[in-house]
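Just below is one structure, and these are the notes that go with it.
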Amino acid sequence: MTYSPKSDFIRTMQERGFLADCTDLQGLDEALINGVVPAYIGYDATAKSLHVGHLLNIMVLRWLQKCGHKPITLMGGGTTKVGDPSFRSEERPLLDAQAIDSNINGMQQVFAKYLRYDDSPQGAIMLNNAEWLDGLNYLDFLRDVGRHFSVNRMLSFESVKSRLDREQSLSFLEFNYMILQAYDFVEIYRRHGCLLQMGGSDQWGNIDNGIDLARRIADAEIYGLTTPLLTTSDGRKMGKSQGGAIWLNADMLSPYEFWQFWRNTTDADVGRFLKLYTELPVAECDRLGALEGAEINAAKIILANEVTRLCHGAEAAQTAEATAREVFEKGGLGDDLPTVALSAAEIGEGIAIAQLFTRAGLAKSGKDAKRLILEGGARANDAAVTDAGQMIRAEDLATPLKLTAGKKRHALITLSR
């Protein structure tokens, strides 16, 4: 039987498709209606930007705040030094402290666009678990915290079990990750009264560990909530495209390319993504998602505009739509297309057009570019490219050269002055 929530937050999670599982849904619901609930999600600093795969849980934090509660964004300055083994086939590359700090600086840029950080009861706060993990005494930690963990139980978690079932190595360093993450929950509960940890469904075991540890050593009544791990209707992992990760920082992926990613959403995903990634009313999301034929394209533009507005601002969304209209409807170049500027020295006596497709990010490698050309998917200034070895010289770039891969991916090659 479906639970009928009393709190705005749980109701929103259910109606919009965010809720995968909860350790005690009724208990959490009661806590949410009895006062402001601080809740956190952790982000390890493995790259300089968050990507679309993180966006669903960022929206969860945004809805939490809109429903009157307190979001906590936890930067994993400490846990990144270990690396989360969840559902990975191999150990993550270890980063040094300087690289981790640099990544955190890049990741922090996106949160202020979605959350309000201030001193109010609902004001978001940002923490770094290096604050309490870096100074731990190992022997004290083993005695006071490690003794509460059963290796048998840890081995039963799906994230670990799947790795061992494939006979893939799981280092002792990685095995400690779930203990450190559990300890994070205890510290944030003690320091900030945090009652809820949220994350993707792959984090269920880690979250459950934290709740169990907090009950044992702090007598805390706390909760865990997970969101579904999303794939697109055609089975691809959400956040991946032919060109790689869809980054949320504009210096790693242009707002136009970000907008275009959402504009290219498969018809079957439009309604679901509108509920998850925009703030449009659920009924309107359902109406737009039910459109068919040419009308669904209008819904995709609304989706792209709404998501881009939240991430990059209204002006960037408007500019991206105008650029797309100019490119696709008028055949123009557009002012906001991804651009690669080459100097005359770089071009020399000429550069193969296949190499330009790679430089522009329209192909992953020279081999990929040659395959694209061979299969008829490459165009230059809207003319088919048939020779991967076709040479482009500096004089050919007196005006920008528009490269097209497939029907919807474009870039400009210009001559730097």
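The first residue in the sequence is number 1, and the count goes up from there.
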Does any pair with a residue in [range] pass salt bridge (charged side-chain N to carboxylate O under 4.0 Å, His left out), and if so which ones, sequence neighbours excluded?
{"range": "residues 62-75", "result": "Arg62-Glu279, Lys66-Glu279"}
{"range": "residues 124-137", "result": "Lys81-Asp134, Glu131-Arg191"}
{"range": "residues 313-323", "result": "Glu321-Arg325"}
{"range": "residues 20-37", "result": "Lys6-Glu30"}

Just list the side-chain donor-acceptor pairs under 3.5 Å for residues 270-278, sequence neighbours left out, or say none.
from: Arg272; atom 1: NH2; to: Thr231; atom 2: O; distance (Å): 3.0
from: Arg272; atom 1: NH2; to: Asp269; atom 2: OD1; distance (Å): 2.8
from: Lys275; atom 1: NZ; to: Asp286; atom 2: OD1; distance (Å): 2.8
from: Thr278; atom 1: OG1; to: Leu274; atom 2: O; distance (Å): 2.6
from: Thr278; atom 1: OG1; to: Leu280; atom 2: N; distance (Å): 3.2

### Query
Would you call Arg263-Glu257 a salt bridge at under 4.0 Å N-O?
no
### Message
What I want to find out is whether Arg216 reaches Asp212 closely enough, with some N-O distance under 4.0 Å, to be called a salt bridge.
### Response
yes
Can a donor-acceptor pair be found between the side chains of [X] and [Y] at a distance below 3.5 Å?
{"X": "Ser120", "Y": "Asp118", "result": "yes"}
{"X": "Trp63", "Y": "Asp8", "result": "no"}
{"X": "Tyr117", "Y": "Thr73", "result": "yes"}
{"X": "Gln197", "Y": "Gln203", "result": "no"}

To the nearest 0.5 Å, how far apart are [atom1] in [X] and [atom2] in [Y]?
{"X": "Ile246", "Y": "His51", "atom1": "CD1", "atom2": "NE2", "answer": "10.5 Å"}
{"X": "Arg371", "Y": "Lys364", "atom1": "CZ", "atom2": "NZ", "answer": "9.5 Å"}
{"X": "Ile347", "Y": "Leu356", "atom1": "CD1", "atom2": "CG", "answer": "8.0 Å"}
{"X": "Ile41", "Y": "Leu225", "atom1": "CD1", "atom2": "CG", "answer": "9.0 Å"}
{"X": "Ile10", "Y": "Leu28", "atom1": "CD1", "atom2": "CG", "answer": "4.5 Å"}
{"X": "Met75", "Y": "Asp44", "atom1": "CE", "atom2": "CG", "answer": "9.0 Å"}

Once side-chain hydrogen bond (donor to acceptor under 3.5 Å, both in side chains) is applied, do any residues pair with [X], and if so which ones, sequence neighbours excluded?
{"X": "Trp132", "answer": "Asp184"}
{"X": "Arg190", "answer": "none"}
{"X": "Thr12", "answer": "none"}
{"X": "Tyr43", "answer": "none"}

### Query
Would you say Glu346's side chain and Ser343's backbone share a donor-acceptor pair under 3.5 angstrom?
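Looks like yes, one N/O pair under 3.5 Å.
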### Under 3.5 Å: donor-acceptor pair, side chain of Thr404, backbone of His410
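No; zero donor-acceptor contacts below 3.5 Å.
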#### Entry: side chain to side chain donor-acceptor pair (under 3.5 Å) partner of Lys300, chosen from Thr265, Asn305, Asp267
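One option only clears the test, and that one is Asp267.
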### Message
Could you go through Cys194 and Ile72, starting from their C-alpha distance and side-chain angles, then the distance that decides it, and tell me whether this counts as side-chain contact (heavy atoms from CB on, under 4.5 Å)?
### Response
CA-CA 8 Å; Cys194 182; Ile72 299 172; 4.2 Å; yes
### Query
For Asn137, what residues pass the side-chain contact (heavy atoms from CB on, under 4.5 Å) criterion, not counting sequence neighbours?
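In terms of side-chain contact (heavy atoms from CB on, under 4.5 Å), with neighbours along the sequence ignored, Asn137 is linked to Leu139, Asp140.
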### Message
Tell me which pairs pass side-chain hydrogen bond (donor to acceptor under 3.5 Å, both in side chains) where either residue lies in residues 97-108, with sequence neighbours left out.
### Response
Lys48-Ser102
### Task
Using the test ring pair (Phe, Tyr, Trp, His ring centres under 6.0 Å), find all partners of Tyr189 that sit at least two apart in sequence or belong to another chain.
none
